[in-house]
Amino acid sequence: MSLIKIFKEGLWKNNAVFKQVLGMCPALAVTTSAINGIAMGLASTAVLICSNIVVSIVKDYIPSKVRIPAYIVIIASFVTVIDLVMNAYLHDIHKVLGLFIPLIVVNCMILGRAESFASKNSVVKSIFDGIGIGLGFTFALFILGSVREILGNGSILGFTVTGEWFKPAIVMILPPGAFIALGFIMFAINYIEDRRKIKNAPKEHCSVG
Amino acid sequence: MRDNNFKMVIVLTVIAAIAAFVLSFVYSSTKDKIAEAYRQEFLRALVKVFPNYNNEPDKDINIVDGQNIYIAKMDDKVVGYAIKSTSSKGYGGDIDVLIAVSTDGKITGIEILRHAETPGLGDKIEDEWFKNLFKGLTAKDNIAVKKDGGIIDQFSGATISPRAVSEAVANGLKFIDDKILGK
C-alpha cells in the first residue's frame, strides 16, 4: 500500500468519526464551536502520530498478552506531555481545552490505530497513517463544531454569519445537540455516497429487478 | 511458560520506567513556566479589577478567617481589597471570581478566574459588558439575577451561570464589607 493511499484512507475512507464511529467522547463533548473542534483535533493528531511512531518501533519487543497495557502507558505518557507543554506555552488555549486533554487517553481511535495499524506496519507507514487519521478526525470535529456553532450561536470561528432574523437554537451547543448534529451529518454522508454508488453501478445490475 | 511471564513483567516494567523518566523530565522543565503563566494570568486579572495601584497585590496578602485578601496600595496608601470567591452553582462546576472593592465599599471590578460553563452560552459571563454590570455596586444592592428579584441582567438561554457569578460576587463583597471595611 502506498503512503499516499494510507494517508487518503485515514482521511476519508476510514474516517475515525464518520466511518469508524470512534473517539465519540471528545467528538461530542468539545465540538460546541469550530475552533474547539480544530484545537482538539490537532492535539489528538499530535498524540496519535507520536504513539503510532513509538508503537511501531517497539512492536517486536512487546509480548502480545501485555500489548494493550503497554500501548495505554505509551499513549497516556504522550497525553500528559502534551498537557504540560500546552499549559506552559499555550496557556490560553489550555484554559479552554484543559478539561478535555486528559480525555485523549481514552480516545479509542488512538488505541485502535496502535492495535490495528502501528503494531503491524513500519514506522514511516505508521506516521502517514497517524497524519491521515488525525487530520480526518480534525476535519470531522471541525465540521461538527461548525454545524453546531452556526445553528446554536449563529457564528462560525467567532464571527457572526447569520442575520438578525436568525434565532439560534441553543440546544445545538448543549450535549443533545452533539448527537443530533452527528446523526444528521452521518445521514447526509451515507445518503450521498449511496446515491453515487447506485449511479456508478453497472447497468445490467440495475435492470435485474 | 515461566519465561514468557517473566518477559511480560520485564517489558511492562521497562516501558513504565521509561515513561516515568520522560514525564518527570517534562514536568520539571515546564513546572516553573506553568507557575509563571498562572501568576501572569492572576496579575492580568488584578490589573483589570483595580483602578490604580503601584504595589504587588498578589504578594501583599492579609489572611482573614483563612481567606486571602489581596491589598492594592497607591504610594503605601490602601486603595482597595480583592478576594477570590467561589460559587459551586455553575452549570459546569465551580466558578472562581476575583472581586475588587474600593475602600468606600464599591466594587471596582470583577474577573472570572476559572469556570467550565458551556462554550458559546454560559461562558458569556466572561464578556466585558457582563462583568461591568457589577461595577460600582455596594453591599446594599441586591446582587442577584433579575429572575431572582435582583438587578443583574441574565442573558437569553442562560440563567444558571450569571446566577452563580452573582452569588460569588455577593458573598465576596459581603465578606470584605463585614470583616474588613466594617471594622
All pairs passing salt bridge (charged side-chain N to carboxylate O under 4.0 Å, His left out) where residues 142-165 of chain B contributes a residue, at least two apart: B:Lys146-B:Asp153, B:Asp148-B:Arg163
CG (A:Asp194) with more than 12 external heavy atoms under 6.0 Å: yes
Selection from A:Ile170, A:Asp92, A:Asn87 maximising heavy-atom pairs under 4.5 Å formed with chain B: A:Asn87
Pick from A:Ser77, A:Ser33, A:Ala88 with the largest number of heavy-atom pairs that fall under 4.5 Å of chain B: A:Ala88
Under 4.5 Å from a heavy atom of chain A, the part of B:Ala19 involved: both
Residues of residues 84-108 of chain B near chain A, each having a heavy atom less than 4.5 Å away: B:Tyr91
Close approach to chain A in residues 23-50 of chain B, criterion heavy atom under 4.5 Å: B:Leu23, B:Val26, B:Tyr27, B:Thr30, B:Lys33, B:Ile34, B:Ala37, B:Tyr38, B:Glu41, B:Arg44
Under the side chain to side chain contact (heavy atoms under 4.5 Å, CB included) test, residues paired with B:Ile15 that sit two or more places apart: A:Ile62, A:Ala70, A:Val73, A:Ile74, B:Val11
Heavy-atom contact with chain B under 4.5 Å, split by part of A:Leu84: both
Toward chain B, the part of A:Phe78 with a non-hydrogen atom under 4.5 Å: neither
